[in-house]
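Remember, predicted model here, so these are calculated numbers, not experimental data.
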Amino acid sequence: MKKLKLILLVNLILIYFIPTFGFSYEKTSHSIYIHNDIEVTLCPETSMESNLTVTADPKNTEMCNITLSPNQNWIKLEIYQFSLSPGQSKTIKVYIYSKIENYIYNPGKYLGSITMTSNCDPKHVEIPVIMNILEPTFNVEPLFMNLTMLPVQEKNVNITIQNGKCETAISVSSLFEYVEGAIVGAIFQKSIKLSPYQIVSFPVKIRTNNYKYGPVYVDITFNTPYSKFSETFSGQSVQIKVYPAGFVLIEGIITELNEKDR
């Protein structure tokens, strides 16, 4: 019986003193809570809105005065200072810009943060902010076409344009744009606006006027404001080779037909 009492006594002593040996766990008590980090994905020279929500613990006994300070100039806030009474929540709009004044951010991943300071716990918090900027792309095809045309004729061809992740406006140009009296030239729409991932068939009309000798190389060039961000946006061109009807193309060699063969 004495032995049993001794064991019980030792167990009680161990239970009482265990916290002093580093086995205790003290739960951290926060007075304010941040509900989310911020990560956005956007195209160059654009902006996006996100939200940051902060809540004060209902058990608070004081008002929490909060200050928010972004560490990057591409992060802007709806408000920078506010107060929360116990149990109150506030959602703040956060604006992320891939262009600030005259500075443009290239495609890639950018890391920033918003520092929150308060008289309540935690008194200092770094809230991560991530900006992912997409690389704009687009493709045109085919890159080469061959046309055989009569001296006075019109032919329509179609160029397929496939846009990438970013909305864009494409300007179209050609040194052989058709003007009145030209021997050969192209007629086309001067600009086109594309949504993300949109695929369109772009019509081009080739017109000849008293055209007898050739070939003539008609290039149709496509440019966008994103040319500085991506090689695929740096003036993609489609080359249309126009041959007079009196010539034929045989394995890459232009051969003139005799009158009796025409």
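- Within 6.0 Å of atom CD in E101, 12 or fewer heavy atoms from other residues, nucleotides or ligands are found, so the atom counts as exposed in its surroundings.
- Remark: E49 CD is packed, more than 12 non-hydrogen atoms of other residues, nucleotides or ligands lying under 6.0 Å away.
- Remark: F144 CZ to S237 OG distance equals 9.5 Å, nearest 0.5 Å.
- Between atom CG of residue L42 and atom SG of residue C166 there is a gap of 8.5 Å, rounded to the nearest 0.5 Å.
- Annotation: salt bridge (charged side-chain N to carboxylate O under 4.0 Å, His left out) contacts involving residues 148-170, sequence neighbours excluded, comprise E154-K205, E154-R207, E167-K193.
- Applying the ring pair (Phe, Tyr, Trp, His ring centres under 6.0 Å) test to Y197 and every residue at least two apart in sequence or in another chain returns nothing.
- Heavy-atom minimum distance, L150 versus T208: O-OG1, 2.8 Å.
- Between the side chain of T148 and the backbone N or O of Y243, no donor-acceptor pair lies under 3.5 Å.
- Proximity of a side-chain donor or acceptor of Q189 to a complementary backbone N or O of S191 within less than 3.5 Å is detected.
- Evaluated for a side chain to side chain contact (heavy atoms under 4.5 Å, CB included) with F138, the options I199, L194, T168, I170 yield exactly one hit, I170.
- The salt bridge (charged side-chain N to carboxylate O under 4.0 Å, His left out) contacts involving residues 59-84 comprise nothing, where partners must be two or more places apart or lie in separate chains.
- For L147, the CG atom is densely surrounded, since the number of other residues' heavy atoms within 6.0 Å is greater than 12.
- Shown here are the side-chain hydrogen bond (donor to acceptor under 3.5 Å, both in side chains) partners of N209, two or more places apart in sequence or in another chain: there are none.
- Under the side-chain hydrogen bond (donor to acceptor under 3.5 Å, both in side chains) criterion, T53 pairs with T91, not counting sequence neighbours.
- The aromatic rings of Y97 and Y95 sit tilted, their planes meeting at an angle between 30° and 60°.
- Remark: L175 CG is loosely packed, at most 12 non-hydrogen atoms of other residues, nucleotides or ligands lying under 6.0 Å away.
- Across every non-hydrogen atom of L134 and P136, the tightest pair is O-CD, 3.4 Å.
- Among the candidates N51, L77, I79, the single residue satisfying the side chain to side chain contact (heavy atoms under 4.5 Å, CB included) test with K93 is N51.
- V218 approaches A186 most closely through the heavy-atom pair CG1-CB, 3.9 Å.
- Taking both residues in full, the closest heavy atoms of F82 and L84 are given as CE1-CG, 3.9 Å, listed atom of the first, atom of the second, then distance.
- Side-chain contact between M116 and I127: present, with at least one pair of heavy atoms (C-beta onward) separated by less than 4.5 Å.
- Using a 4.5 Å cut-off between side-chain heavy atoms of Ile, Leu, Val, Met, Phe, Trp and Tyr, L111 falls into a hydrophobic cluster with I130.
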